[in-house]
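Quick note on labels: first sequence line is chain A, next is B, and so on, each numbered from 1.
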2 protein chains.
Amino acid sequence: MADIARLAGVSTSTVSRALSGSPVVNEETRTRITELARSLNYTINIGAKNLRLQQNRTVAVVVPYDSTSGQNISDPFFLRMLGSVADALTERGFDMLLSRVDAEQLDSAAALYDGGRAVGIILIGQWHHHDQLNELAARQVPLVVWGAHLAQQLYCTVGGDNFSGGEVATNHLIDVGRRRIAFLGDVELPEVAQRHAGYREALARHRLPIDPGLVVPISFVAERARAAVQGLIDRKVGFDAIFACSDVLAMTAVSTLRENGLQVPNDVAVVGYDDIELAAYFNPPLSTVRQLIDAGGRALVDSLFSLLAGKRELPKVLPTELIIRATSGPQRIR
Amino acid sequence: MADIARLAGVSTSTVSRALSGSPVVNEETRTRITELARSLNYTINIGAKNLRLQQNRTVAVVVPYDSTSGQNISDPFFLRMLGSVADALTERGFDMLLSRVDAEQLDSAAALYDGGRAVGIILIGQWHHHDQLNELAARQVPLVVWGAHLAQQLYCTVGGDNFSGGEVATNHLIDVGRRRIAFLGDVELPEVAQRHAGYREALARHRLPIDPGLVVPISFVAERARAAVQGLIDRKVGFDAIFACSDVLAMTAVSTLRENGLQVPNDVAVVGYDDIELAAYFNPPLSTVRQLIDAGGRALVDSLFSLLAGKRELPKVLPTELIIRATSGPQRIR
DNA sequence: ATGAAAGCGCTAACAG
DNA sequence: CTGTTAGCGCTTTCAT
């Protein structure tokens, strides 16, 4: 900037004013400075500007990784949510700092805020870290989390209606004549727990027994789903439907069933969760509970900005919708 | 920091030294200061530190979006590549600034570098912007691009061996008895163009005719693939195989074929590209050309750091591997 | 072992 | 309309 000033024969103040489009600076001088800056590929140093102005147009988006369970960033749902948040942030003219932090040390995510790196934090996936998140919120860290709304929760969440999603999916499976419905998903995770509650509610309403042997606790990793479904078959638990907590799990389940000579939906009906793009093109097309990904990303960003504006932001629950395709047809009588 | 200094009864210099672990500061003072900082949730202001030190540990990762073609960030391959780059950067202790910039104005990506926001740029997807990228490289912007290696290219690329990928896939389809192989992909894109060259090479080597009517130029969007394949069928072009330039396109194609009463692989064999996780669980399991995503992300980051170290970095071509599953079996004689 | 002072690149009073 | 000056939070000589 000093260079530009020297070359233009003015002071740095004038350059600063010209470049920020201040109306007070002479028209001719402004164009001269602007030209000069462009020709030198000069851009304002945002770091210095931020320091001076005590401002910041960056949001940290944190995708925790669980080093122990090998939970990584590869599930299409989370990845798409990331893209959706990126778009919403871009629309508002904010930069996005993407951070992978160890889930055991979420405080290090807060450091991005404490250190002035970002004005707030969006966390994608709440996993097991309810308490840590509450601590951050208690410290007034501007924070929005994609996940389930829990009791005594101090932080703001945005998420799908997991209870209803689980309920609607299970009701549907019962409607098509299924009685022994397996549940695939890690019930330790708040979102999955609520889907499981919806699942139990639907069973109870229809006076169907709840068999713990039908609940298979697996994380969102395809390879584990294969093993889990194989185990279900080998143990001869007896089941005529699967409700899986992600489409990837559901597709893996279908594939494993077929390898075992079981037909979908004739022998076993399957419903997934998320409605990722490929669900419609799967064979058979996958019945699933749709989550509003784009609306979700936008809502996360909206909530964060409300928070920053000093408003007390309530958790948001987005509607889910059952999409009935071919994997959940009625049972064939044989 | 001034607060800490006051509370600890020392000067800011001492606090700075203590917090950066300088050996010169008194043991007792250091612990006192460290404790104080922790209890106040104080973190060094990285912006100010960077300004003073003229350094920076941030890399900008740019995912261009093509507003005209509706090309968005949703293809699983690009999303996973993003995750892979994020991991590689995290390992090196660098932050990742994720930017969605309009593909028509890639210069704005360079602004992140010019403005000291990032030490370098990783661009995921070269699309049609060869010339713009060359300009940036000519300006000495540290830049690494995921894409195809082109002639007279000044910037550094990392990419798969697209020619070989196209050739191997096509050879395989010919080996299983196919003669009329449709090509699905936008040949205007450098990567796809090279796959297409490999495709032509394989056909030529087997003295098979190259029918331009079999080339369907579509971008990486599932919905378009459905229309394209439908068009191929309606026009009665006559084809017994499809080579698609992404797994999403391939899966959509399989789905569309089936809707039209065509069997895969009996009537039409299909080979995809990328080998995304779901390819193995598709029905039938999808034959595809595997790209090394994790190695790719790592290589992008490695190349950028070499560049930053002042080395002249050559383009890297990663091997691809044909994964034969069930969608490319031999043609059934009827 | 610690403090005082200067300066990284920028902006915003305040003068002129 | 433009220049001078001070200071954002930090590190680092140079003294003490």
Side-chain angles (χ1 to χ4, degrees), chain A residues 1-38 40-58 93 95 97 110-119, chain B residues 1-38 40-58 93 95 97 110-119:
Chain A
M1 186 147 172
D3 298 347
I4 308 261
R6 193 157 12 81
L7 289 169
V10 294
S11 75
T12 58
S13 330
T14 307
V15 176
S16 171
R17 281 190 277 254
L19 258 31
S20 64
S22 159
V24 81
V25 65
N26 188 310
E27 182 62 37
E28 187 270 327
T29 331
R30 201 221 318 292
T31 50
R32 186 157 45 94
I33 292 174
T34 315
E35 291 294 302
L36 207 49
R38 198 202 320 282
L40 293 173
N41 287 316
Y42 169 83
T43 311
I44 221 89
N45 183 319
I46 305 176
K49 175 176 181 167
N50 285 344
L51 180 58
R52 172 64 230 242
L53 260 38
Q54 295 289 78
Q55 56 140 45
N56 195 328
R57 291 183 75 80
T58 303
D95 284 328
L97 196 65
L112 295 169
Y113 168 72
D114 294 327
R117 206 74 218 289
V119 290
Chain B
M1 184 146 173
D3 298 347
I4 308 261
R6 195 157 11 80
L7 289 169
V10 294
S11 75
T12 58
S13 325
T14 307
V15 176
S16 171
R17 281 192 275 254
L19 258 31
S20 63
S22 159
V24 80
V25 64
N26 188 312
E27 182 62 38
E28 188 268 328
T29 331
R30 200 215 325 287
T31 49
R32 186 157 43 94
I33 292 175
T34 314
E35 291 295 301
L36 207 50
R38 198 201 322 280
L40 294 173
N41 287 315
Y42 169 83
T43 310
I44 219 90
N45 182 317
I46 305 176
K49 176 177 180 165
N50 285 343
L51 180 59
R52 172 63 231 241
L53 261 37
Q54 298 287 80
Q55 56 141 42
N56 195 326
R57 291 181 74 79
T58 303
D95 285 328
L97 195 65
L112 295 169
Y113 168 73
D114 294 328
R117 205 75 219 287
V119 291

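At whole-Å resolution of the value, CD1 in A:Ile4 and C1' in C:dG9 are 13 Å apart. Separating the CZ atom of A:Arg6 from the P atom of C:dG9 is a distance of 12 Å, rounded to the nearest angstrom.
At C:dC10, one or more side-chain N or O atoms of A:Tyr42 fall inside 4.0 Å of OP1 or OP2 (strictly under the cut-off). Between C:dT2 and B:Thr29, a contact under 4.0 Å exists linking OP1 or OP2 to a side-chain N or O. Contact between the side-chain N/O atoms of B:Gln54 and the OP1/OP2 oxygens of C:dG7 is not found at any separation under 4.0 Å. Residue B:Thr14 places at least one side-chain N or O closer than 4.0 Å to OP1 or OP2 of C:dG3.
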Chi angles and distances behind the salt bridge (charged side-chain N to carboxylate O under 4.0 Å, His left out) call for B:Glu35, B:Arg32: CA-CA 5 Å; B:Glu35 291 295 301; B:Arg32 186 157 43 94; over 6 Å; no

Criterion side-chain contact (heavy atoms from CB on, under 4.5 Å) on B:Arg30 and B:Arg17, from CA distance to verdict: CA-CA 9 Å; B:Arg30 200 215 325 287; B:Arg17 281 192 275 254; over 6 Å; no

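With C:dT2, D:dT4, D:dT11 as the candidates, the nucleotide lying closest to the side chain of A:Ser11 is D:dT4. Residue A:Asn45 places its side chain closer to C:dG9 than to any other of D:dC10, C:dG9, C:dT2.
Nucleic acid contact class of B:Leu51 (heavy atoms, under 4.0 Å, all strands): base. The residue A:Val24 sits close to a base: some heavy atom pair falls under 4.0 Å.
Residue side chain B:Ser13 reaches the base of C:dA4 through a donor-acceptor N/O pair under 3.5 Å, judged by distance alone.
Position along DNA chain C of the nearest nucleotide to B:Val10 versus B:Arg52 favours B:Val10 as the more 5'-ward residue.
When side chains are defined from C-beta on, B:Tyr42 does not count as touching B:Asp3, because their heavy atoms never get closer than 4.5 Å.
Atoms CG and CG, on B:Asp114 and A:Leu40 in that order, are 10.5 Å from each other to the nearest 0.5 Å.
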